[in-house]
Amino acid sequence: MPETTTPTTGPQQLVIVGGGMVARRLVDALRARDDAGRWAVTLLCEEPRAPYDRVALTSYFTGRHPEDLALGGQELWDDPLVTLRRGVRAENIDRDARTVTTSTGQVLPYDSLVLATGSYAAVPPVPGKDLRGAFVYRTIDDVADLREFVETRREELDRPVRGAVVGGGLLGLEAAGALRALEVETTVVEFAPRLMPLQVDEGGGEGLKRLIEGLGVSVRTSTATSKIVGERGAVSRMRFSDGPSLDVDVVVFAVGVRPRDELAREAGLEIGERGGVVVDDACATADPAIHAIGEVACIGGRCLGLVAPGYTMAEIVADRLLGGAGTFPGADLSTKLKLLGVDVASFGDAFAQEPGSLEVVISDPVAGVYKKLVMSDDARTLRGGILVGDASAYSSLRPMVGRELGGDPAAYLLPEGAAAAPAGDLPDEAAVCSCNNVTAGEIRCAVGEGGCTDLAGVKACTLAGTSCGSCLPLVKKLVTSELAAAGVEVSSALCEHFEQSRAQLFDIVRVQGLRTFSEIIERHGTGRGCDICKPVIGSILASLGTGHILDGEQATLQDTNDHVMANLQKDGSYSVVPRIPGGEVTPEGLIAIGEVAREFGLYTKITGGQRIDLFGARMDQLPGIWRRLVDAGFESGHAYGKSLRTVKSCVGSTWCRFGVQDSVGLAIDLELRYRGLRSPHKIKLGVSGCARECAEARGKDVGIIATDKGWNLYVGGNGGFTPKHARLLAEDLDTETLVRTIDRFLMYYVRTADRLQRTAPWVEEHEGGLDAIRAVVMDDSLGIADDLDAAMAAHVGNYRDEWAATLADPDKLARFASFVNAPDAVDDSLAYVGERGQARPATPQERSDASVLIAGTTLEVRS
Amino acid sequence: MTTAPPQTRVRLCALTDLVPERGAVALVDGLQVALVRTHDDVVHGIDNLDPYSGAHVIARGLVGTRGGVPTVISPMYKQVWDLRTGACLDGAGSDPVDLRTWPVAVVDGEVWIEPSSDEVTGSPFDRGVT
Ligand code: SRM
Ligand SMILES: Cc1cc2nc3c(=O)[nH]c(=O)nc-3n(C[C@H](O)[C@H](O)[C@H](O)COP(=O)(O)OP(=O)(O)OC[C@H]3O[C@@H](n4cnc5c(N)ncnc54)[C@H](O)[C@@H]3O)c2cc1C
Ligand code: SF4
Ligand code: FES
């Protein structure tokens, strides 16, 4: 007899249609909260790739690879409760049977279905819209096709390509930026009387137009496109309802979006007046098993074309699926963008639609700045605003919408006003990060109860600042003031002895030419230093090329590793790592290392950095060990220094059947170039001979991957505590440009990073991020390139092996004696036992049971 | 006229054998004593055994000040001690464990130590801290 209630044994089935940003957020949110594994998720993505960052689509043109647009890590897709189906479209929904039919013919049952199909890019019905050379701007494939077309066309025509963007809104200006990046002569054609009609008012539109024309993009407003004329099937000219026609080779439509609601329509669900799947404030349709989220959802009577409200909807549905009662609070349509390098922001009641609003406007056509605040009739409460040309006040002002500003509103529009804008008095419920819906209170809580102690921690735990990044200055301010309130030292002061940060000290020392610690601390600090400032100053002096790290007073700045040029081990002995550039070593070299290890009884291990580590050396043995190594042609590997460690390489084109460049040769050259360069933290490089990436170059601070045309350069990768993949800095460089770019990148990092800050967080926290760093090292945006080049040339020219120099200096050698009153006595506190044929430190128990000891490290091990 | 130091004292080395703001180790009755010369040429004697790691490394630590107090910092796990008293000023996340200090004197450029007999018996390891 069949049972009346089927006990639910396994998880329930959730099918999500559409693999966009909002779908991804739903999967993320659900997996983060569904501890009990109540839902198994299947995600159907029509596009051939996992959800990616559509908002950052345009960065594809500044040299990024599709994978750089990935949202979050692969882990989510490896989750056993998550199934990602790429390149699979949902064709049909059977609401009675609760199944979805896919383009591969599969029928998927669901307990709950979420529509997150986003939008189509709208194409106006103008004749000629289907000609070759007419594009939309929505997916990675769209932009890849656009780029390919422009590049081919340029070669065919043998002249600069001319292009037009239809639509002067947010998307259109993005597309114009993309065309410009492709070196297309660009015109923006807008039907409305001003650019960005939905976000900015007339004054703002005027300012924007001037700025954009100043960048060499033509603008035609109040212009309707009537026809696109073709020649041999390809776009050649545009006609307008009035005004002269325009010769063009490529046209991009960016006139808006249309919700992809066809599945819901066919399934008989209610559709909004202007499209979109109608949902209530729980994102539910009339069918209790079906939700719709993101751009396809018609919520509160309209579809919302921004990612932030979509993310909110995703969170609500995740909550609802787990039995919660979250509702949609209404959308914040504030935007801040950097279009073509021009800051534009609009927030709150930007058009002063609320009755009785006052407007405070500052317009400076010369500087290209237009700013407006919309205030309540008593000029106290902020209602909204528009910022063009300088949007630095955005992150502080937006959360103040609906609150009293305090003081003269105009003051907030001055550059200093932006800096002085509030943070401390921001109410807890004020939304700080609109992309991820994080309030001031949540950030405070992450610092207080959550125990986060820095910006990176707060970002990881609240997600604030992880999307468009426009809120970061405010998030940082909140974190800082919260930490300060909790009594945590958050000034940029290095330590109690110096109020400056490392970067400030670097400048002071460099500019004032100070060369000793005493001078520096007397002039700029207090006391006699500590384990924080001493190594920092030691490193700064070494970076500036002040001679041997053990010369004079500099020796007192080095912690034990740098002081004895070896790595301290748990028992007080040291390890020795000779440099093996690129991991290439001759049989003779290997034998020499082997002999040294055997003679001194050292435990030997291959490191993760493609070289050999010799462990268990007593301090007094180090000079003897190094005498032998130097004689055999080895030099210091700086395994102990905050400096270049290794340049890892794969075997490359010399032997590998897939290699396209000599990765070993380049790795060796780079390792010899940067060896000994003292830096804020250790630096690691990697060179792979082809895209298979066997050298794991993208896990390094600087990673180089060979291409048919040259080298791709990635920066800001690391393993360790917070692993990061390096991001693409430049493509297809020849070797000379590559080396110059790395020179500048490293020198700029050495000069400006914080203490113990690796390249990834440095890039992240650098104002303007990777793009700004690219501008510095490739386009010399700061005018310091010559200086950086000279500094690196000096480093390369002055390099000397620290160990060889030490062996030649009796004063330096004297420091390696075990005892000052018994120079010949050997430290007998070290004790070892044999294991797998080698020595290892004895445990405390083994020490008390003296029979197992093999005593000092020079005794041969009997295994 | 120079006063001869009392017999119980032991001469260890010349002041010039010690590098300012760096430590060195003296063997005193089989025990390791870290000698630390500060920038004002005062020499301090303090345990060389680091109670947190069980390794004899204090003399290799960085020398500095904390709030004006002369300090040495363990090179292993970065605990901080007052060179004058051996008081642990910062346990770096662990409970503070003080170090022993020895009376050290500099007389006519020579460094002397006065081992106190009951304090130096037994292995420092017997103190049961690791
Ligand atoms: C020996 C070695 C492990 C091995 O046997 O393979 C090693 C050993 C140590 N690593 Fe490492 N790391 C070694 C490769 C790595 C790698 C792999 C690599 O380089 O490809 C990584 C991850 C890659 C990276 O750095 O991004 C690595 C990430 C770390 C980290 C974490 C860094 C971070 O950014 O989070 C530390 C801690 C630190 O530097 O603050 C660390 C610190 C250390 C220290 C220095 C810890 C210490 O203070 O005693 C270890 C002592 C080294 C020594 O010789 O006594 N080691 N360490 C490897 C030496 C490679 C070499 O030839 O120089
Ligand atoms: C160039 C550009 C710049 C932008 N800049 C910003 C910005 O600065 N700030 C901002 O807030 N927003 C911006 N947006 C808008 C933002 O990208 C969207 O609001 C957001 O991506 C919407 O997410 P979604 O998941 O709802 O839809 P989408 O990201 O469009 O994802 C929907 C996915 O579903 C797939 N799909 C559709 N139908 C099916 C089906 N039947 N079966 C399977 N799969 C299907 C589609 O192929 C698509 O991949 C920008 C958009 C573009 C194009
Ligand atoms: S992973 Fe940890 S234990 Fe292993 S070598 Fe690195 S620091 Fe030492
Ligand atoms: S507002 Fe976009 S990341 Fe915070």
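Note that the structure is a prediction, hence the values are computed from the model and not measured. Here is the naming used below: chain letters follow the sequence lines, and residue numbers restart at 1 for every chain.
Within the structure, every pair that satisfies the side chain to side chain donor-acceptor pair (under 3.5 Å) test and touches residues 86-95 of chain B, not counting sequence neighbours, is listed here: B/Arg66-B/Asp90.
Under the ring pair (Phe, Tyr, Trp, His ring centres under 6.0 Å) criterion, A/Tyr574 pairs with no residue at all, not counting sequence neighbours. Listed by chain and number, the residues in a side-chain hydrogen bond (donor to acceptor under 3.5 Å, both in side chains) with B/His39 amount to none (sequence neighbours excluded).
With a 4.5 Å cut-off on non-hydrogen atoms, B/Leu12 touches chain A through its backbone and its side chain both. For A/Asp571, the part lying under 4.5 angstrom from a heavy atom of chain B is the backbone only.
Between the OG atom of B/Ser74 and the CG atom of A/Asp559 there is a distance of 8.5 Å, given to the nearest 0.5 Å. A distance of 4.0 Å separates CD in B/Gln32 from CZ in A/Phe819, rounded to the nearest 0.5 Å. For the atom pair CD (B/Gln79) and CG (A/Asp531), the distance works out to 10.5 Å, reported to the nearest 0.5 Å.
For the side-chain contact (heavy atoms from CB on, under 4.5 Å) with A/Val820, the lone residue among B/Leu35, B/Val111, B/Leu27 that qualifies is B/Leu35.
When all heavy atoms of B/Leu62 and A/Cys530 are compared, the closest pair comes out as CD1-O, 4.4 Å. Scanning both residues, B/Arg22 and A/Leu557, for their nearest heavy atoms gives NH1-N, 4.5 Å. Between A/Ser818 and B/Val25, the closest heavy-atom pair is O-CB, 3.5 Å. Taking every heavy atom of both residues into account, A/Thr556 and B/Pro20 meet most closely at CG2-O, 3.2 Å. Nearest heavy-atom pair, A/Gly572 versus B/Ala55, reported as atom, atom and distance to 0.1 Å: N-CB, 3.7 Å.
Among the candidates A/His497, A/Lys534, A/His563, the residue making the largest number of heavy-atom pairs closer than 4.5 Å to chain B is A/His563. For chain B, the option among A/Gly529, A/Gly527, A/Cys495 with the highest count of heavy-atom pairs below 4.5 Å is A/Gly529. For the options A/Lys570, A/Arg815, A/Glu496, heavy-atom pairs under 4.5 Å to chain B are most numerous at A/Glu496.
With B/Thr65 contributing its side chain and A/Arg528 its backbone, the two residues share a donor-acceptor pair below 3.5 Å.
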* Please assess B/Val57 against A/Leu568 for the test side-chain contact (heavy atoms from CB on, under 4.5 Å), listing each intermediate value before the final yes or no. => CA-CA 9 Å; B/Val57 294; A/Leu568 180 66; 4.2 Å; yes

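Along residues 548-555 of chain A, the residues that come nearer than 4.5 angstrom to chain B, judged on non-hydrogen atoms, are A/Ala555 in order of number.
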